[in-house]
Amino acid sequence: MSTEFDNVFEDLQWRNAIAEATPGANEILAREKVTCYIGFDPTAQSLHIGNMVPIMGLVRMQQHGHTPIAIVGGGTGMIGDPSGRSEERPLLTPDQINENVQGIQRQLESFLDFSEESSNRAVVVNNADWLSKVSLIEFLRDTGKHFSVNTMLSRESVRSRMDRDTGISFTEFSYQLLQAYDFLRLFEERNCTFQMGGSDQWGNILGGIDLIRRVHGGTAASQDQQDLSRLEAADLPAHAMAYPLITTSTGEKFGKSIGGAPTLDPEQTSPYRLYQFFFNVTDPDAVPYLKLFTMLKREQIEGLEESVQTAPREREAQQTLAAEVTRMVHGDRGLEEAKRVTKALFSNDLRTLSARELRGALTEASHGMVRPVDLSGGITLASAVTVNGGGMISSTSELRRLVDQGAVKINGQVETDPLRQLTDEDFIDRQVMVVQRGKKSHDLIWLEPDAR
RNA sequence: GCAGGGGUUGGGGAGUGGUUAAACCCGGCAGACUGUAAAUCUGUUGCCUAUGGCUUCGCAGGUUCGAAUCCUGCCCCCUGCACCA
């Protein structure tokens, strides 16, 4: 695969995907093909869109001929990264972690090229493979000896916790050693000389390079890691770069909109919702996201950039962004589904669709709350809509408020009476009812099949 | 351990006996405008079988016609001091 950029570094730089880099990293990447890695925390069952940045980082590395390794932190996950946390993390059970590791591993596999024929095929490794096997004594002697507690204490993630009375446990304090050790192992076993990560991980990443340097010699072995940036490229046995943490143009944490960050798991976040998430991105965010989240070429993106300027109404950039991401995550079928549902929901002719079509389109759509309802005992709209909780409307009071504000539509018709009795007339084809809250949220309710 | 301060509705933060479901700000949600955008404006933001009722102000009791507001005990947090080192 070829691109318009000479090397990954330039590519990533153009995409604003580089916040930090070790001195000389750009030359290395231009000159040789390296093996690089990024770590993924198994704190949840599924990756979410925030993880797209690192994933795309690996994808682009591979595209440019480098060999990507994804580490899932089955071992470090047992410890917990103190970065960005004001309190001690609850420890996950080994079972949970295992489950999460497997889920994440599966998801990663759909982005990277793992084929045997590939000369730079991707690898997924679990750091539990080695972390769970090192002996404590061995670790303290061989690795711990290279770390100065003074330096470790000065780490922002540690210091902020020391200042609070809750403090930090030895467990989390040790985290930085483990992460550094990962890099050392990959360096030794897989000739991996490059690490990428979020800029919040920069300290940990440098710790890894420093460890490698101390273990494998180098003239400046006694220097403090704080001074890494002053070293010449030649002194560094390994390199790294960090991507910036993404925020929206208004400074919010990325992905925090509608009900939390969309995940990459279709069970948790339907393709439709993922599509909608990106479709609704604001103008100033559209182009930066296109650069970060898609494989589109420079000229395509520049074309879209112009379209945001000249014809914002067309929302070409958002549409392309949404389509590209959805296809990458859920494939052509997922994208098709997302578009089909979008069309059904925003064309305002719900009544013309059949129950079958609606169910097909909506079951996995929007809030995904599909709930059966039994009419036989008589039921009000309010109780139908709020059954089981968990839907987009959580209480009768909330329904009333929304109805008062003219925000609720049933099958496309504005609703005025939250307490009216439902009849099977309210269900399209006497089967399904589409509840709409505001412009963008939908629920689907269907009649209990045998209660009709 | 001693002394002092404090725990209020998603967050911040008023309120120290009734007119307080609890000011105000932020956030959230919705409406208008628009482009399924941003900005702006408006409304709303405990629950219910709803011109009323119920449950909320760390927890448990108590005093009162009436408590978030007063008393008692407990839990948790912050600040000084002491102890430890």
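First the proteins, then the strands, lettered A, B, ... as listed; each starts at 1.
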By side chain to side chain donor-acceptor pair (under 3.5 Å), which residues pair with A:E99, not counting sequence neighbours? none

Looking across every strand, which nucleic acid part, if any, lies under 4.0 Å from A:R315 by heavy atom: base, sugar-phosphate, or nothing? base

Under 3.5 Å for both donor-acceptor distances, Watson-Crick or wobble: does B:rG1 have a partner, and if so which one? B:rC81

Which atom pairs, donor and acceptor, lie under 3.5 Å between side-chain atoms of residues 101-108 of chain A and protein residues at least two apart or in another chain?
from: A:Q107; atom 1: OE1; to: A:L47; atom 2: N; distance (Å): 2.8
from: A:Q107; atom 1: NE2; to: A:S46; atom 2: OG; distance (Å): 2.9

For A:A382 and for A:Y275, find the nucleotide of RNA chain B with the closest heavy atom, then tell me which residue's nucleotide is more 5'. A:Y275

Please give, in whole Å, the distance from B:rU34 C1' to A:Q318 CD? 14 Å

Closest non-hydrogen atom pair, A:T282 against A:Q318: C-NE2, 3.9 Å

If you measure from the Lys or Arg side-chain nitrogens to the Asp or Glu carboxylate oxygens, is any gap between A:D404 and A:R400 under 4.0 Å? no

Report the residue (A:D283 or A:G406) whose heavy-atom-nearest nucleotide on RNA chain B is the more 5′ of the two. A:G406

With a 3.5 angstrom cut-off on both distances, give the Watson-Crick or G-U wobble partner of B:rA32, or none if there isn't one. B:rU40

So what does A:E314 touch, heavy atoms closer than 4.0 Å: a base, only the sugar-phosphate, or nothing? nothing

Once you round it to whole Å, what is the distance between C1' of B:rG28 and CD of A:Q405? 12 Å

For A:A240 and A:I209, the nearest pair of non-hydrogen atoms, with its separation, is CB-CD1, 3.9 Å

Atom C1', compared across B:rU64 and B:rU9: separation rounded to whole Å: 26 Å

Check nucleotides 50-52 of chain B for protein N or O atoms closer than 3.5 Å to its own N or O atoms and list the pairs.
from: B:rA50; atom 1: N7; to: A:R400; atom 2: NH2; distance (Å): 3.1
from: B:rA50; atom 1: N6; to: A:R400; atom 2: NE; distance (Å): 2.6
from: B:rA50; atom 1: N1; to: A:R400; atom 2: NE; distance (Å): 3.0

With both distances under 3.5 Å as the test, what is the Watson-Crick or G-U wobble partner of B:rC70? B:rG62

Write out all pairs satisfying salt bridge (charged side-chain N to carboxylate O under 4.0 Å, His left out) with one or both partners inside residues 306-316 of chain A, taking only residues at least two apart or from two chains. none

In whole angstrom, give the distance that lies between atom CD1 of A:I393 and atom P of B:rC48. 12 Å

Rounded interatomic separation in angstrom, taking CG from A:N280 and P from B:rC29: 12 Å

Rounded to whole Å, the NZ-P distance (A:K439 to B:rA30) equals 9 Å

Nucleotide opposite B:rG27 in a Watson-Crick or G-U pair, distances under 3.5 Å: B:rU45

With sequence neighbours excluded, what pairs up with A:D426 under the side chain to side chain donor-acceptor pair (under 3.5 Å) test? A:R420

For B:rU9, the Watson-Crick or wobble counterpart (both distances under 3.5 Å): none

B:rU16 - base-pair partner by Watson-Crick or wobble geometry, distances under 3.5 Å: none

Select base, sugar-phosphate, or nothing to describe what A:T342 touches, counting heavy atoms under 4.0 Å on all strands. base

Answer yes or no: does a side-chain N or O of A:K440 lie under 4.0 Å from OP1 or OP2 of B:rA37? yes

Report the distance from atom CZ of A:R313 to atom C1' of B:rA38, rounded to the nearest whole Å. 14 Å

Please name all residues satisfying side chain to side chain donor-acceptor pair (under 3.5 Å) with A:D265, sequence neighbours left out, ordered by chain then number. A:Q268

